[in-house]
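The structure presented is a predicted model; accordingly, all values stated were derived computationally and were not measured.
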2 protein chains.
Amino acid sequence: MDPLAEHPAAHAGRGAPEVSPPAAAVATPRTGSARQRILDTAFRLFYAKGIRAVGVDLIIAESGVAKATFYKHFPAKDDLVVAYLDTVDGIWSGQLHDAAEAAGPAPADQLVGLFDALSSACRQDGYRGCAFINAAAESQPGTPVHDRTVAHKAAVLDWVTGLASRAGAANPQVLARSLTLLLDGGLASGALDADPDAPAAAKASAEALVAAALA
Amino acid sequence: MDPLAEHPAAHAGRGAPEVSPPAAAVATPRTGSARQRILDTAFRLFYAKGIRAVGVDLIIAESGVAKATFYKHFPAKDDLVVAYLDTVDGIWSGQLHDAAEAAGPAPADQLVGLFDALSSACRQDGYRGCAFINAAAESQPGTPVHDRTVAHKAAVLDWVTGLASRAGAANPQVLARSLTLLLDGGLASGALDADPDAPAAAKASAEALVAAALA
DNA sequence: ATTGAAGCAGACAGATCTGTCTGCTAGGTT
DNA sequence: AACCTAGCAGACAGATCTGTCTGCTTCAAT
């Protein structure tokens, strides 16, 4: 049901009133059940239907939460949207890291291995493209939601640039940019044509580009 | 102001009650002024703010048209959305063709020249990504709006495949897929990071991929 | 001169959406 | 025992959105 597998690296909301568990002491699970239910429901509905298409009332109904409880945790809908994007960021970044590591220790192999995460994502049932690109399409530049999207893409680009650098690319920035372009293209068009060969083509292209950049 | 330049190849709405001018005879301009104003306004607002963010009332106000006139031309908002996508399809297809032709007669050069259209688009003031990807993010699979997006992407892929075939690629489908992935990636992420080098990186990658595919 | 098509102006209905507010219940801490 | 926090239930207000309908004007063709 989840579009991006099983939350391997989901990190919490953008934590204004919360702190990460220091060691022991306050061991009581401070992540309330209601908040998590809201977040889970929002994740599912926002991704499947789009952000503007999902009203607060629907999230409240499907998460079985009172309206006052909802607005206590998220004073405005946009706060929930940002928390949703934080969740997706954690999941997707985790999947990218996992796919890279699974490709072996060599950075050059990891650059190509990234694209296995793309294949997995596109194969997911209910796959509907990149949550960030979709969110950006529904938000205006300068808003917190749009900024969150930009920050995510910048973080991924930075990380890939580091990988390209360790791989010994002559121009890590350009290689990383090319690979993220391919990745974003695969994420975006994976929702439009159900062509199962698209991720494979992306990976093959990535291989060629990495090989050319290291030659 | 227009995000995609000056409507070089805009073709008309999906014409249910209209017929294309057969020869002479009914030479009276059947494309009323009101319809065109609605379409122009919708083009501007839908692209800039997103489809769901723009209400019918706003389009009516900004196009200076009566509400009854609006609903006479477009019985439902979605009809206008589809007409808007038709307009974008005409413009963008025209720009792709123009960029390809400008690159010279050789199909291999044209495959790379495509990416000049990407550069131009991203440089446009108010560029906000691919109108089709954005529309797909706001619509559900199976709806006319979503279908229109899928059809557009399929048409572009077909056309690029033909180009790749004429260029002599061993596997035109795979090359075309790779290039459209790059193109879509550039279109999508061009709205997120204002990195002016992204289109150049896309073009350089395209060059490498085309060269590799023809080797 | 009359008719008809196209357009303008705006009221109206019904649905939906965000956000506020009041009351109530349950569990844990002091 | 008193209290506080988290949560549930749902009414309510105000805005907005889609779509319908009535009435008036203008212009061109018959």
Q: Between protein and nucleotides 11-23 of chain D, map the contacts as a letter string: B base, S sugar-phosphate only, - none, heavy atoms under 4.0 Å, written 5' to 3'.
A: B------BBBB--
Q: Quick one: list whatever passes side-chain hydrogen bond (donor to acceptor under 3.5 Å, both in side chains) with Asp158(B), sequence neighbours left out.
A: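 If we apply the side-chain hydrogen bond (donor to acceptor under 3.5 Å, both in side chains) test to Asp158(B), skipping adjacent residues, there are no hits.
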Q: With sequence neighbours left out, write down each residue that passes side-chain contact (heavy atoms from CB on, under 4.5 Å) with Ser139(B), or none if nothing qualifies.
A: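 By the side-chain contact (heavy atoms from CB on, under 4.5 Å) rule, Ser139(B) matches Thr143(B), Val145(B), His146(B).
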Q: Measure CZ/Arg37(A) against P/dA6(D) and give the value in whole Å, please.
A: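 Between P of dA6(D) and CZ of Arg37(A): 15 Å.
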Q: If the condition is side-chain contact (heavy atoms from CB on, under 4.5 Å), which residues does Ala53(A) pass it with, not counting sequence neighbours?
A: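 With neighbours one apart ignored, the set is Lys49(A), Arg52(B).
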Q: Going by the rule ring pair (Phe, Tyr, Trp, His ring centres under 6.0 Å), which residues pair with Phe132(B) if we only count those two or more places apart in sequence or in a different chain?
A: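 Partners of Phe132(B) under the ring pair (Phe, Tyr, Trp, His ring centres under 6.0 Å) test: His152(B).
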Q: Check this for me, if you would: do Asp197(B) and Arg177(A) make a salt bridge, where the nitrogen-to-carboxylate-oxygen distance has to be below 4.0 angstrom?
A: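 Salt bridge: no.
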Q: Does dC8(C) have OP1 or OP2 under 4.0 Å away from a side-chain N or O of Thr69(B)?
A: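 Result: yes.
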Q: To the nearest Å, how far apart are Phe70(A) CZ and dC8(D) P?
A: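 Result: 13 Å.
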Q: Can you tell me the distance, in whole Å, between the CD1 atom of Ile38(A) and the C1' atom of dG7(D)?
A: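 One finds 10 Å between C1' of dG7(D) and CD1 of Ile38(A), rounded.
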Q: Holding to side-chain hydrogen bond (donor to acceptor under 3.5 Å, both in side chains), I want the full list of residues that pass it with Lys77(A), two or more places apart in sequence or in another chain.
A: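 side-chain hydrogen bond (donor to acceptor under 3.5 Å, both in side chains) list for Lys77(A), sorted by chain: empty.
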Q: Does the side chain of His73(B) get closer than 4.0 angstrom to OP1 or OP2 of dG7(C) through an N or O atom?
A: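 Answer yes for this pair, as a side-chain N or O of His73(B) is under 4.0 Å from OP1 or OP2.
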